[in-house]
Enquirer: 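Following this message is one structure expressed as structure tokens.
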Amino acid sequence: MRDPVFSARDILAGKAPQDTTVKVRGWVRTRRDSKAGISFVQLVDGSSLQPVQVVAPNTLPNYADEILKLTAGCALEAEGRIVPSPAKGQPFEMQASAVKVIGWVDNPDSYPIQPKPHTLEFLRDVAHLRPRTNVIAAATRVRHTLAQAIHRFFDENGFYWVNTPIITSSDAEGAGAMFRVSTLDLANLPRTSEGAIDFTKDFFAREAFLTVSGQLNVEAYCLALSKVYTFGPTFRAENSNTSRHLAEFWMIEPEIAFADLSDDATLAERLLKHSFRHLLDARAEDLAFFDERIEKGLVAKLEGIVASEFVRMDYGEAISILERAGENFEFPVKWGVDLQSEHERYLTEKHVKRPVIVMNYPKAIKAFYMRANDDGRTVAAMDVLAPGIGEIIGGSQREERLEVLDSRMAEHGIDREHYGWYRDLRRYGTVPHAGFGLGFERTIAYVTGLANVRDAIPFPRTPGNARY
RNA sequence: UCCCCGGUAGCUCAGUCGGUAGAGCAAGCGGCUGUUAACCGCUGGGUCGCUGGUUCGAGUCCGGCCCGGGGAGCCA
């Protein structure tokens, strides 16, 4: 038997049969009454941006008692025939023969989601109800489709998805402050004879934290399965209060064996182009909405990225461009300093006006695991910078030579005892390999035009905020 | 953590020189209409973030605190 329930998306696309009654379920966006004896109820179920118009006649038994009392947010099941709409605004509509109220809104004048523009800041304060808005629902669909596109890209290219651990004991991964994971009683901590906290009494018999990156672990699988990636949550306990940082965010980290930095950059470019292409094809309605309401020219921007070559430049080249820029930078530019936000913005927003890949940074400002170049002063690192959001990818070729890795760890003051297994990878069949981290929320922000990554994740975690 | 801006009705905001609270939307009621963020009229709705101070009188001026946003740093 055919399922009589159809989504708004299918009904509006004309995919629901017109020779029989069907059902649609969702939440009321607006209700308008006509004295001709009918009410128009706009019903949203998340399957599309556009609502289904349910036309409810006053001959329905619950018309006066219930339908005339519907307010935004009420949950309904409507049954009726799908017909071509006689009015503008929608291709099809439902002529309801029954409308069942599944869930009322208790106190309509306090229901926060109204058919009007809300600020994104306000919506963050009602994070449990904001998915009922167009903008957050659309961002949620984009997030889903982008994730699917990324998985599909890797699958089609012979990569394996590796679920690296969320709890780690690597205490110096170097990517930021970490959240501690412990079952010790904070009010009664076990002590060693020297008075320090005795972590051998803790759950893992050692200090443990939430991961700041799956990279080190995924390298082990890379050096066995050749092409792998992680896609999962990542945690940084930094007190960062910006539009592009979260304490809990999702990151995609591919790692490829027998590969150098150039292969890495090529992979990054292919991944982004493939994903954006798929998104443009599969989420055209939502992207058009973002183009109209959030960032004018968004679709043309994405089309342009898919069609053009990413600009690649060496760090040294970037420095000379910035030195010749004639801009009055707050932080002066010279070889050896890290690029500041204002420098990255100039490069990507003014100089090339597209994503740009900056490669081969001074080794003094980069992590210990990045491969030392032959020039003795740079490492094979790269950042992909995007207009408006800044760094969306950070990656590198990894140092595969044990002696060099050891000396780099010594320079960084890292205890090699903590990295015994990581060093083993360089002792047993080491090969050149490379990878990068793609910030998922930053990418969503970029493709939607949303200015804040807090609107690109369902329940954002930031300093002082984990209420929902 | 630092710098800047802000906090007034459910939401978005106005509030002049310090004189006792306003609009639009939402909600409730009524009118009108195959309507389209409908429209028109009426009604209800306020701890002016909290706290202390100055003053005859504070949404408004001053101090402290809390919360939010933007920018910087850290980074994805």
Side-chain angles (χ1 to χ4, degrees), chain A residues 29-42 50-57 68-69 71-73 83 85-90 93 95 105-126 129 133-134 173-177 212-215 230 233-253 268 293 330-331 338-342 344-345 365-367 383-386 389-395 436-446 451-457 462-465 467:
Chain A
R29 176 64 54 75
T30 63
R31 187 199 87 230
R32 292 181 297 275
D33 307 317
S34 166
K35 265 299 180 287
I38 50 178
S39 290
F40 301 94
V41 178
Q42 301 290 350
Q50 214 190 339
V52 167
Q53 176 157 278
V54 174
V55 184
L68 287 181
K69 292 177 177 153
T71 55
V83 298
S85 180
K88 286 181 181 165
Q90 56 282 318
E93 65 186 24
Q95 293 286 350
V105 168
D106 277 354
N107 191 5
D109 66 341
S110 69
Y111 183 66
I113 308 300
Q114 299 165 13
K116 56 162 279 186
H118 288 293
T119 61
L120 292 165
E121 291 84 1
F122 167 70
L123 291 175
R124 283 173 215 148
D125 285 338
V126 286
L129 295 172
T133 63
N134 284 336
E173 292 182 20
V212 294
S213 165
Q215 178 204 317
T230 72
T234 309
F235 307 87
R236 306 268 168 97
E238 301 288 348
N239 191 9
S240 296
N241 294 288
T242 81
S243 57
R244 54 192 187 282
H245 289 87
L246 293 164
E248 176 183 289
F249 65 99
W250 288 60
M251 187 155 65
I252 297 100
E253 296 174 287
R293 297 292 182 87
E330 183 185 351
F331 297 92
D338 206 356
L339 297 181
Q340 303 291 314
S341 281
E342 56 176 345
E344 296 181 346
R345 295 181 90 97
I365 60 173
K366 287 296 183 180
D383 285 347
V384 178
L385 311 176
I389 193 79
E391 183 181 341
I392 60 172
I393 284 178
F436 61 82
L438 170 66
F440 192 40
E441 287 75 21
R442 287 185 183 180
T443 308
I444 293 164
Y446 183 65
N452 196 315
V453 291
R454 296 170 196 183
D455 304 317
I457 190 168
T462 53
N465 192 345
R467 180 171 154 216

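Chain letters run A, B, ... following the sequence lines, proteins first, then strands; residues in each count from 1.
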Enquirer: Between G7(B) and G15(B), how far is it from one C1' atom to the other, in whole Å?
Expert: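 Comparing C1' positions in G7(B) and G15(B) gives a spacing of 15 Å.
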Enquirer: Among U36(B), A76(B), A27(B), find the nucleotide with the atom closest to the side chain of Leu246(A).
Expert: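 Of U36(B), A76(B), A27(B), A76(B) is nearest to the side chain of Leu246(A).
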Enquirer: Distance check, C1' atoms only: C66(B) and U47(B), in whole angstrom units.
Expert: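 It works out to 16 Å between them.
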Enquirer: Please state the C1' separation for the pair A76(B) and C67(B) - nearest whole angstrom.
Expert: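 My reading of the C1' atoms in A76(B) and C67(B) gives 27 Å.
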Enquirer: State, to 0.1 Å, how close Gly395(A) and Asp383(A) come at their nearest heavy-atom pair, and which atoms those are.
Expert: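 The pair with the smallest heavy-atom distance is N-OD1, 4.4 Å.
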Enquirer: Checking contacts here: which listed nucleotide (A38(B), G34(B), G73(B)) is nearest the side-chain heavy atoms of Ser341(A)?
Expert: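 Of A38(B), G34(B), G73(B), G73(B) is nearest to the side chain of Ser341(A).
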Enquirer: What contact category does Thr71(A) fall into here, base, sugar-phosphate, or nothing, at under 4.0 angstrom with non-hydrogen atoms?
Expert: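 It contacts sugar-phosphate atoms only.
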Enquirer: Give one of base, sugar-phosphate or nothing for Ser243(A), where a contact means two heavy atoms less than 4.0 Å apart.
Expert: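 If one applies the 4.0 Å heavy-atom cut-off, Ser243(A) turns out to touch the sugar-phosphate alone, with no base involved.
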Enquirer: Mapping Glu441(A) and Phe331(A) onto RNA chain B by nearest heavy atom, which one lands closer to the 5' end?
Expert: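 Whichever sits nearer the 5' end wins; that is Phe331(A).
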Enquirer: Over all strands shown, is Gln50(A) touching base, sugar-phosphate only, or nothing at heavy-atom distances under 4.0 angstrom?
Expert: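 The residue Gln50(A) makes no contact with any strand.
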Enquirer: Restricting to ring-ring contact (aromatic ring centres under 6.0 Å, His included), what partner residues turn up for Phe440(A), sequence neighbours left out?
Expert: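 Listed in chain order: Phe231(A).
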Enquirer: For Arg454(A), does its backbone N or O pair with a side-chain atom of Asn452(A) as donor and acceptor, under 3.5 Å?
Expert: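 Looks like yes, one N/O pair under 3.5 Å.
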Enquirer: Identify whether any heavy atom of Arg454(A) sits under 4.0 Å from a base atom; if not, whether one sits that close to sugar-phosphate; answer base, sugar-phosphate or nothing.
Expert: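 The residue Arg454(A) makes sugar-phosphate contact but no base contact.
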Enquirer: In whole angstroms, how far is the P atom of C25(B) from the CD atom of Gln114(A)?
Expert: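 Answer to the nearest Å: 12 Å.
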Enquirer: Rounded off to whole Å, could you give me the CG-to-P distance for the Leu123(A) and A26(B) pair?
Expert: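 Rounded to the whole Å, the gap is 17 Å.
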Enquirer: Do the non-hydrogen side-chain atoms of Pro86(A) and Glu93(A) ever get within less than 4.5 Å of each other?
Expert: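 The answer is yes, as the side chains (C-beta and beyond) meet within the 4.5 Å cut-off.
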Enquirer: Rounded to whole Å, how long is the line connecting atom CD1 of Ile365(A) with atom P of C75(B)?
Expert: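 Distance, rounded to whole Å: 10 Å.
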Enquirer: Taking N and O atoms by type only, does the side chain of Glu238(A) place a donor or acceptor under 3.5 Å from a partner on the base of G73(B)?
Expert: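 Not at all, since no donor on one side and acceptor on the other fall under 3.5 Å apart.
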Enquirer: What do you reckon, do Phe440(A) and the base of A76(B) stack, with centroid distance below 5.5 Å and planes below 30°?
Expert: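 Given the distance and angle limits, no, they do not stack.
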Enquirer: Does any nucleotide pair with A38(B) by Watson-Crick or G-U wobble geometry, both distances under 3.5 Å, and what is it?
Expert: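 No nucleotide pairs with A38(B).
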Enquirer: Taking the same atom, C1', in G70(B) and in C62(B), what whole-Å distance lies between them?
Expert: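 These two C1' atoms come out 27 Å apart once rounded.
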Enquirer: Which part of the nucleic acid does Phe249(A) contact within heavy-atom distance under 4.0 Å: base, sugar-phosphate only, or nothing?
Expert: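 The residue Phe249(A) makes base contact.
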Enquirer: For the pair Arg236(A) (side chain) and Val212(A) (backbone), establish whether a donor and an acceptor sit closer than 3.5 Å, ignoring hydrogens and angles.
Expert: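 Checking the backbone N and O of Val212(A) against the side chain of Arg236(A), a donor-acceptor pair under 3.5 Å is found.
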Enquirer: Mind checking the P distance from C40(B) to U1(B)? Whole angstroms is fine.
Expert: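 The answer is 49 Å between these two P atoms.
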Enquirer: Assign each of Gln95(A) and Pro112(A) to its nearest nucleotide of RNA chain B by heavy atoms, then name whichever residue's nucleotide is nearer the 5' end.
Expert: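 The 5'-side residue here is Pro112(A).
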Enquirer: Does Ser240(A) reach a base, just sugar-phosphate, or nothing at all? Heavy atoms under 4.0 Å.
Expert: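 Base contact.
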Enquirer: Can you tell which of G34(B), U33(B), A76(B) lies closest to the side chain of Arg236(A)?
Expert: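 The answer is A76(B).
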Enquirer: Pick the C1' atom in U20(B) and in G59(B), then give their distance to the nearest Å.
Expert: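 Their C1' atoms lie roughly 10 Å apart.
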Enquirer: Nearest to the side chain of Asn241(A), heavy atoms from C-beta on, is which of A27(B), A76(B), A72(B)?
Expert: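 Nearest listed nucleotide: A72(B).
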Enquirer: What nucleotide, of A76(B), G70(B), U33(B), holds the atom closest to the side chain of Ser34(A)?
Expert: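 Nearest nucleotide to the side chain: U33(B).
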Enquirer: For Glu330(A), which contact category applies under a 4.0 Å heavy-atom criterion: base, sugar-phosphate, or nothing?
Expert: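 Counting heavy atoms under 4.0 Å across all strands, no contact is made by Glu330(A).
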Enquirer: Quick one: which of G34(B), G69(B), C75(B) gets closest to the side chain of Glu121(A)?
Expert: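 Output: G69(B).
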Enquirer: Without decimals, in angstroms, what is the distance between Asp125(A) CG and G49(B) P?
Expert: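 Taking CG of Asp125(A) and P of G49(B), I get 16 Å after rounding.
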Enquirer: For G73(B), does either OP1 or OP2 sit under 4.0 Å from a side-chain N or O belonging to Gln340(A)?
Expert: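 So the side-chain polar atoms of Gln340(A) do come within 4.0 Å of the phosphate oxygens OP1 or OP2 of G73(B), strictly under.
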Enquirer: Side chain of Gln53(A) only, please: which of A72(B), A76(B), U36(B) is the nearest?
Expert: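 Nearest nucleotide to the side chain: U36(B).
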Enquirer: Over all heavy atoms of both residues, which pair between Ser39(A) and Leu68(A) is shortest? Give the atoms and the distance, please.
Expert: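 Taking every non-hydrogen atom into account, OG-CD2, 3.7 Å.
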Enquirer: State the pairing partner of A23(B); accept Watson-Crick or G-U wobble contacts with both distances under 3.5 Å, and report none otherwise.
Expert: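 Because both required distances fall under 3.5 Å, A23(B) counts as paired with U12(B).
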Enquirer: Using Watson-Crick or G-U wobble geometry with both distances under 3.5 Å, which nucleotide pairs with U47(B)?
Expert: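 No nucleotide pairs with U47(B).
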Enquirer: Please give the nucleotide sitting opposite C61(B) as a Watson-Crick or G-U wobble pair, both distances under 3.5 Å, or none.
Expert: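 WC or wobble partner is G53(B).
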Enquirer: Measure from the side chain of Pro108(A), starting at C-beta and using heavy atoms only, and say which of A76(B), A27(B), G70(B) lies closest.
Expert: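 From the listed options, A27(B) comes nearest.
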Enquirer: Could you check whether Ala87(A) gets within reach of a base, just the sugar-phosphate, or nothing at all, counting any heavy atom under 4.0 Å?
Expert: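 Ala87(A): base contact, heavy atoms under 4.0 Å.
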Enquirer: Is any side-chain N or O of Arg32(A) closer than 4.0 Å to OP1 or OP2 of C32(B)?
Expert: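 The answer is no; no side-chain N or O of Arg32(A) sits under 4.0 Å from OP1 or OP2.
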Enquirer: Could you give the distance separating G45(B) and U54(B) at their P atoms, to the nearest angstrom?
Expert: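 These two P atoms come out 34 Å apart once rounded.
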Enquirer: Enter the distance from Met251(A):CE to Gln215(A):CD here, rounded to the nearest 0.5 Å.
Expert: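 If we round to the nearest 0.5 Å, Met251(A):CE and Gln215(A):CD are 8.5 Å apart.
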Enquirer: Which one, U12(B), A37(B), C75(B), comes nearest to the side chain of Thr30(A)?
Expert: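 The listed nucleotide nearest to Thr30(A)'s side chain is A37(B).
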Enquirer: Taking atom C1' in both A26(B) and U12(B), compute the distance separating them and give it to the nearest angstrom.
Expert: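 To the nearest whole Å, 11 Å.
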Enquirer: In Watson-Crick or G-U wobble terms, both distances under 3.5 Å, what is the partner of G6(B)?
Expert: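 By the stated definition (distances under 3.5 Å), C67(B) pairs with G6(B).
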Enquirer: Check the distance between C25(B)'s P and Phe122(A)'s CZ and give it to me in whole angstrom.
Expert: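 Nearest whole value for this atom pair: 18 Å.
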Enquirer: Which atoms form the tightest heavy-atom contact between Ala451(A) and Ser243(A), and what is the distance?
Expert: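 Result for this residue pair: O-CB, 3.5 Å.
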Enquirer: Tell me: CZ of Arg31(A) to P of G34(B), nearest whole Å?
Expert: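 Spelled out: CZ on Arg31(A) to P on G34(B) is 16 Å.
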Enquirer: Would you say Arg244(A) reaches A72(B)'s phosphate, i.e. side-chain N/O to OP1/OP2 under 4.0 Å?
Expert: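 True: Arg244(A) side-chain N/O within range (under 4.0 Å) of A72(B) OP1/OP2.
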Enquirer: Classify the side chain of Glu93(A) and the base of G34(B) as holding, or not holding, a donor-acceptor pair under 3.5 Å.
Expert: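 Looking at the base of G34(B), it does pair with a donor or acceptor on the side chain of Glu93(A) (distance under 3.5 Å).
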Enquirer: Can you measure Leu120(A) atom CG to U12(B) atom P for me and round it to whole angstrom units?
Expert: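 So the CG-P distance, Leu120(A) to U12(B), works out to 11 Å.
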Enquirer: Rounding to a whole Å, what distance do you find between Arg442(A):CZ and A76(B):P?
Expert: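 That distance rounds to 8 Å.
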Enquirer: Look at the side chain of Phe40(A) and decide which nucleotide, out of A76(B), U35(B), G70(B), has an atom nearest to it.
Expert: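 From the listed options, U35(B) comes nearest.
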Enquirer: Counting Watson-Crick and G-U wobble pairs only, both distances under 3.5 Å, name the nucleotide matched with A76(B), or none.
Expert: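 Here A76(B) is not engaged in any pair, so there is no nucleotide opposite it.
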Enquirer: Considering non-hydrogen atoms only, spot the tightest contact between Glu441(A) and Phe249(A) and give its length.
Expert: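 The answer is OE1-CB, 3.3 Å.
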Enquirer: With sugar-phosphate meaning primed atoms plus P, OP1 and OP2, does Ser39(A) contact a base, only sugar-phosphate, or nothing at under 4.0 Å between heavy atoms?
Expert: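 No contact.
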Enquirer: For Asn134(A), what residues pass the side chain to side chain donor-acceptor pair (under 3.5 Å) criterion, not counting sequence neighbours?
Expert: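 Listed in chain order: Arg29(A).
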Enquirer: Tell me what Arg29(A) touches on the nucleic acid: a base, only sugar-phosphate, or nothing, going by heavy atoms under 4.0 Å.
Expert: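 Counting heavy atoms under 4.0 Å across all strands, no contact is made by Arg29(A).
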